[in-house]
Amino acid sequence: MRSKVLLIYTGGTIGMMQDAKSGQLKPFDFKHLSEQIPELNKFDVSLSAVSFGKPIDSSDMSPDVWIEIAETIKKNYDKHDGFVILHGSDTMSFTASALSFMLENLNKPVILTGSQLPIGTIRTDGKENLITAIEIAAAKEKGKPVVSEVCIYFEYQLYRGNRTHKYNAEHFQAFQSPNYPILAEAGVHIKYNRSALKKVGTKKLNVQTKLNTDISILKMYPGISEHVVNAILGTKNLKALIIETFGAGNATTQQWFIDALKKAISKEITILNVTQCNAGKVEQGKYATSAAFNKIGVIGGSDLTSEAAVAKLMYVLGSTTKQKEIEKLLRSDLRGEMTI
Ligand code: ASP
């Protein structure tokens with residue numbers, strides 16, 4: 001049986017072609033995908049494609065589009081073996097993280113890919129990214145999918161999506177997964193890292209499309225002022241704030257700062273602590289500069305990336321309004337997004 005893979009085209013550089021007459025970059029028509037990439041005909045995979053109304057640069061990505069993607073997957077889940085989402089690289093880590101939470105009990109591959117150069121340009125990285133992403137989405141062993149989670153495939157590497165971070169705007173290798181091993185590497189063969197891949201489960205897919213965007217993110221810097229912190233914490237309807245702290249979860253020990261967080265927590269605003277370092281994790285209490293966080297109820301986010309923290313908060317706050325439950329979910333590893 002040939003695997004059936006659905007391509008979902010949202011936009012980004014990958015879907016651009018140079019118009020023969022004008023020379024301009026334009027989104028290409030996905031109905032004629034194999035005309036643009038004849039290599040696709042050589043696959044032993046049955047491919048179909050859907051594209052969203054107007055292709056977007058992923059800097060315009062929003063939770064509404066995440067919902068549209070999640071619903072497209074839900075609608076097509078039983079009819080397909082895997083999904084490839086073509087997406088701009090700028091916010092790909094946010095989308096991959098959001099989908100990982102929204103697609104509960106996912107047991108099929110959902111692979112996001114894109115490129116740094118349009119598919120129509122000679123040196124494009126898009127063809128290899130797309131072709132290998134399709135191969136991974138179609139891969140099965142003993143009738144079961146090899147990959148059963150939301151991933152990013154980019155420049156010969158497959159990553160767990162909610163562990164990634166776009167770290168390079170220039171290199172073809174644009175992504176990193178600093179706190180979780182690479183899931184597969186594509187060379188002559190695609191070598192899967194079996195022990196790092198999520199195991200295929202048996203529960204039924206459950207798609208959650210309620211996301212609460214009443215959150216914000218505050219990056220610590222020496223000299224941060226009381227009025228900046230209070231302005232953010234005073235944001236109308238704010239339900240949660242991510243603090244991006246120094247090193248292993250440290251921030252200023254000034255009393256006004258601790259008091260501001262304490263006051264917010266008393267008003268049921270969740271404070272989630274993630275590190276602004278690229279790798280490593282928050283360990284509240286390791287240094288005196290984070291000990292107060294444990295006392296006042298700041299939640300340590302371990303090695304969550306900021307991208308995954310944003311998506312997790314929107315998902316958790318969309319699932320429940322009960323403070324205890326919110327805290328429990330944030331302290332749990334829900335989709336392999338953090339080490340506990
Ligand atoms: N700005 C583009 C986007 O994220 C860049 C890319 O496609 O890689 O949509």
Side-chain angles (χ1 to χ4, degrees), residues 6-19 22-30 33 36-37 40 49-70 72-73 83-100 102 110-134 136-137 150-178 182 186 211 213 217 278 305-311 314:
L6 180 67
L7 295 181
I8 302 171
Y9 175 48
T10 67
T13 304
I14 190 164
M16 305 279 172
M17 281 288 297
Q18 205 142 22
D19 186 83
S22 67
Q24 286 169 344
L25 289 174
K26 286 185 177 167
F28 68 80
D29 183 354
F30 260 68
L33 187 66
Q36 314 291 355
I37 314 170
L40 294 179
V50 288
S51 51
F52 288 173
K54 189 174 164 278
I56 54 168
D57 185 298
S58 80
S59 303
D60 270 328
M61 190 46 64
S62 68
D64 287 344
V65 183
W66 294 341
I67 293 169
E68 209 178 331
I69 300 172
T72 304
I73 292 174
F83 302 85
V84 172
I85 302 170
L86 296 173
H87 192 290
S89 62
D90 288 348
T91 60
M92 195 182 282
S93 294
F94 287 93
T95 300
S97 299
L99 290 174
S100 77
M102 295 164 84
V110 172
I111 316 294
L112 286 101
T113 196
S115 66
Q116 299 276 62
L117 282 176
I119 226 152
T121 55
I122 293 174
R123 288 179 55 248
T124 185
D125 50 330
K127 272 194 188 181
E128 196 286 322
N129 283 348
L130 176 58
I131 288 169
T132 308
I134 294 170
I136 293 169
V150 180
C151 298
I152 287 182
Y153 178 78
F154 224 87
E155 193 61 8
Y156 304 107
Q157 306 208 304
L158 183 73
Y159 309 93
R160 173 166 294 165
N162 58 28
R163 292 292 197 148
T164 59
H165 165 65
K166 180 172 178 183
Y167 82 106
N168 203 312
E170 166 71 19
H171 290 174
F172 285 146
Q173 183 159 357
F175 290 90
Q176 270 183 342
S177 169
I182 282 155
L211 299 170
T213 57
I217 186 158
N278 198 30
T305 60
S306 296
E307 292 88 337
V310 165
M314 288 187 187

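Note that ligands are numbered from 1 as they come in the structure, with each ligand's atoms numbered from 1 the same way. On a predicted model such as this, the values are computed, not experimentally measured, just so you know.
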Heavy-atom distances under 4.0 Å decide this one: backbone, side chain, both or neither, for Ala174 against ligand 1? neither

Leu112, Ile73, Asn162, Ile111 screened by side chain to side chain contact (heavy atoms under 4.5 Å, CB included) with Val150, the one that passes: Leu112

Ranked by distance from atom 9 (O) of ligand 1, the top protein heavy atom is Ser58 N, 2.7 Å

Return yes if some donor-acceptor pair links the side-chain N/O of Thr91 with the main-chain N/O of Ser58 below 3.5 Å, else return no. yes

Among non-hydrogen protein atoms, atom 1 (N) of ligand 1 lies closest to Asp90 OD2, 2.8 Å

Counting each atom of ligand 1 from 1 as listed, which ones have a heavy atom of Gly12 under 4.0 Å away? 7 (O), 9 (O)

Side chains of His165 and Thr305 only: does a donor on one sit below 3.5 Å from an acceptor on the other? no

If you measure every N/O of His87 against every N/O of ligand 1, is any gap under 3.5 Å? no

Report yes or no: does Ser115 have a heavy atom closer than 4.0 Å to ligand 1? yes

Under 3.5 Å: N/O of Ser59 near N/O of ligand 1: no

Nearest-0.5 Å distance, OH of residue Tyr153 to CE of residue Met92: 12.5 Å

Strictly by modelled atom types, are Asp64 and Ser62 linked by a side-chain donor-acceptor pair under 3.5 Å? no

The closest protein heavy-atom partner of atom 8 (O) of ligand 1 is Ser89 OG, 2.5 Å

Can an N or O of Lys166 be found at a distance shorter than 3.5 Å from an N or O of ligand 1? no

Indicate the atoms forming the closest heavy-atom contact of Leu86 with Leu130, along with that distance. CD2-CD1, 3.7 Å

Looking only at protein heavy atoms, what sits closest to atom 6 (C) of ligand 1 is Thr13 OG1, 3.1 Å

Full working for side chain to side chain contact (heavy atoms under 4.5 Å, CB included) between Phe175 and Ser89: CA-CA 9 Å; Phe175 290 90; Ser89 62; 3.9 Å; yes

